[in-house]
Amino acid sequence: MKLENIFVKEEFLRQVNLTILHGKFYFITGDETSNKLLSTIGLKEEIVLGNYYIGDINIAKLPNRKITLIRRKYFGFIFPNPLLENELTVLENLLLPLVFSHKTKTEKEAIAKKRLKQLNLEKQINKYPAELTTLNKYKVSLARALINNPKVIIAENAIDLLGKEDALEMLKTLKNLCHDNMSVIITGNKETISPFADEFINVYKGVIKC
């Protein structure tokens, strides 16, 4: 992934030049525009100038419909709130992103169970969110983000509401994803996240600072 001279609407970001490699844990730090940069990388901001390449495809030149499809395929998202559906079981929550998939029900459930096993959540499969520990809610949210086999996890302040021990456990889980050649890009608490980062991206007033 490569961003070249990117500007986003209202100039929250200006002249962003950035390369994201596979298998790395990136920590975006700085002022309030750090989350704006994270959203831009995750294709959730309108790019008004510049180029954004994923492989050989220049995303900045595509219509919104195609950008949405690429975002769903390439990225998984986790947030400060796990955003689980309380009336659905863990398994049913994981199946939500697969609603429009052409796979059979059996195939969808196999994918969901594989992700739950990867995060040691097999015993939680038939529980409802209210029955989960706080940490397991976040892990289920991560399992859901992984359901479409993304290349990049976008984690916006994703551990900031967790206690210290749970935050460290969640960061270890995210770090392990990099061993599978997946990239993790995160914002949040500097003191907690910094020891896990392979690369630091510092952004102030919309400009990346080395």
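Under a hydrophobic-cluster definition in which Ile, Leu, Val, Met, Phe, Trp and Tyr are linked whenever side-chain heavy atoms come within less than 4.5 Å, directly or via other members, Phe75 and Phe79 are assigned to the same cluster. A single hydrophobic cluster is seen to contain both Leu84 and Ile147, as judged by linkage of ILVMFWY side chains at heavy-atom distances under 4.5 Å, directly or through other members. There is a path of hydrophobic side-chain contacts, each under 4.5 Å, that joins Val203 to Ile154. Under the 4.5 Å side-chain heavy-atom criterion for grouping Ile, Leu, Val, Met, Phe, Trp and Tyr, Leu38 is connected to Ile208 within one hydrophobic cluster. At a threshold of 4.5 Å between side-chain heavy atoms, the hydrophobic network of Ile, Leu, Val, Met, Phe, Trp and Tyr places Leu3 and Val184 in two separate groups.
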Show the numbers, then the answer: is there a side chain to side chain contact (heavy atoms under 4.5 Å, CB included) between Asn64 and Ile67? CA-CA 5 Å; Asn64 289 336; Ile67 291 174; 4.3 Å; yes
Test side chain to side chain contact (heavy atoms under 4.5 Å, CB included) on Asn51 and Asn5 and set out the steps. CA-CA 7 Å; Asn51 300 303; Asn5 295 313; over 6 Å; no
I would like to know whether Lys137 and Val140 meet side chain to side chain contact (heavy atoms under 4.5 Å, CB included); could you show each step before the answer? CA-CA 5 Å; Lys137 288 179 184 178; Val140 170; 5.8 Å; no
Verdict with supporting geometry, Asn81 and Leu161, side chain to side chain contact (heavy atoms under 4.5 Å, CB included): CA-CA 8 Å; Asn81 186 322; Leu161 298 181; 5.6 Å; no
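Judged by distance alone, the side chain of Asn189 and the main-chain N or O of Asp160 form no donor-acceptor pair under 3.5 Å. Between the side chain of Arg14 and the backbone N or O of Lys205 there is at least one donor-acceptor pair closer than 3.5 Å. Checked by atom type and distance alone, the side chain of Tyr53 never pairs as donor or acceptor with a backbone atom of Ala60 at under 3.5 Å.
Within the 4.5 Å cutoff, side-chain heavy atoms of Asp198 are placed close to those of Lys175. Within the 4.5 Å cutoff, no side-chain heavy atoms of Arg115 are placed close to those of Leu142. Residues Ile159 and Phe196 form no side-chain contact, since every pair of their non-hydrogen atoms from C-beta on lies 4.5 Å or further apart. Leu177 places a side-chain heavy atom less than 4.5 Å from the side chain of Gln118. Side chains of Tyr52 and Ile6 form a contact here, defined as non-hydrogen atoms less than 4.5 Å apart. In this structure the side chain of Ile20 reaches within 4.5 angstrom of the side chain of Ile185, judged on heavy atoms. The side-chain heavy atoms of Thr133 and Asp166, taken from C-beta on, include no pair separated by under 4.5 Å. Between Met170 and Lys139, the closest side-chain pair of non-hydrogen atoms falls below 4.5 Å.
Distance OG/Ser34 to CD/Glu156: 8.5 Å, rounded to 0.5 Å. In this structure, Glu109 CD and Leu116 CG are separated by 11.0 Å, a value rounded to the nearest 0.5 Å. Between the CG atom of Leu132 and the CD atom of Gln124 there is a distance of 5.5 Å, given to the nearest 0.5 Å. Rounding to the nearest 0.5 Å places NZ of Lys108 at 9.0 Å from NZ of Lys103. Considering CG of Leu18 and OG1 of Thr40, their distance stands at 10.5 Å, rounded to 0.5 Å. The structure places OG1 of Thr29 at 11.5 Å from CG of Leu37, a figure rounded to the nearest 0.5 Å.
In terms of heavy-atom proximity, Gly76 sits nearest to Pro150 at N-CB, 3.5 Å. When every heavy atom of Asn93 is checked against every heavy atom of Pro129, the shortest pair comes out as ND2-CG, 4.1 Å. Taking each heavy atom of Lys127 and Lys123 in turn, the nearest pair found is CE-O, 4.1 Å. Here the closest non-hydrogen pair linking Phe27 and Ile186 is CD1-O, 3.4 Å. Nearest approach of Thr19 to Tyr26, heavy atoms of both residues: O-OH, 3.9 Å. Nearest heavy atom pair, residue Met182 against residue Leu146, reads SD-CD2, 3.6 Å.
Other residues, nucleotides and ligands contribute at most 12 non-hydrogen atoms within 6.0 Å of the CZ atom of Arg72. Counting heavy-atom neighbours within 6.0 Å of Glu87 CD, excluding the residue itself, gives a total above 12.
Remark: Lys44 qualifies as a cation-pi partner of Phe77 under the 6.0 Å distance and 45° angle criteria applied to the six-membered ring.
When each of Ile59, Val152, Leu21 is tested with Met1 by the rule side-chain contact (heavy atoms from CB on, under 4.5 Å), just one qualifies, namely Val152.
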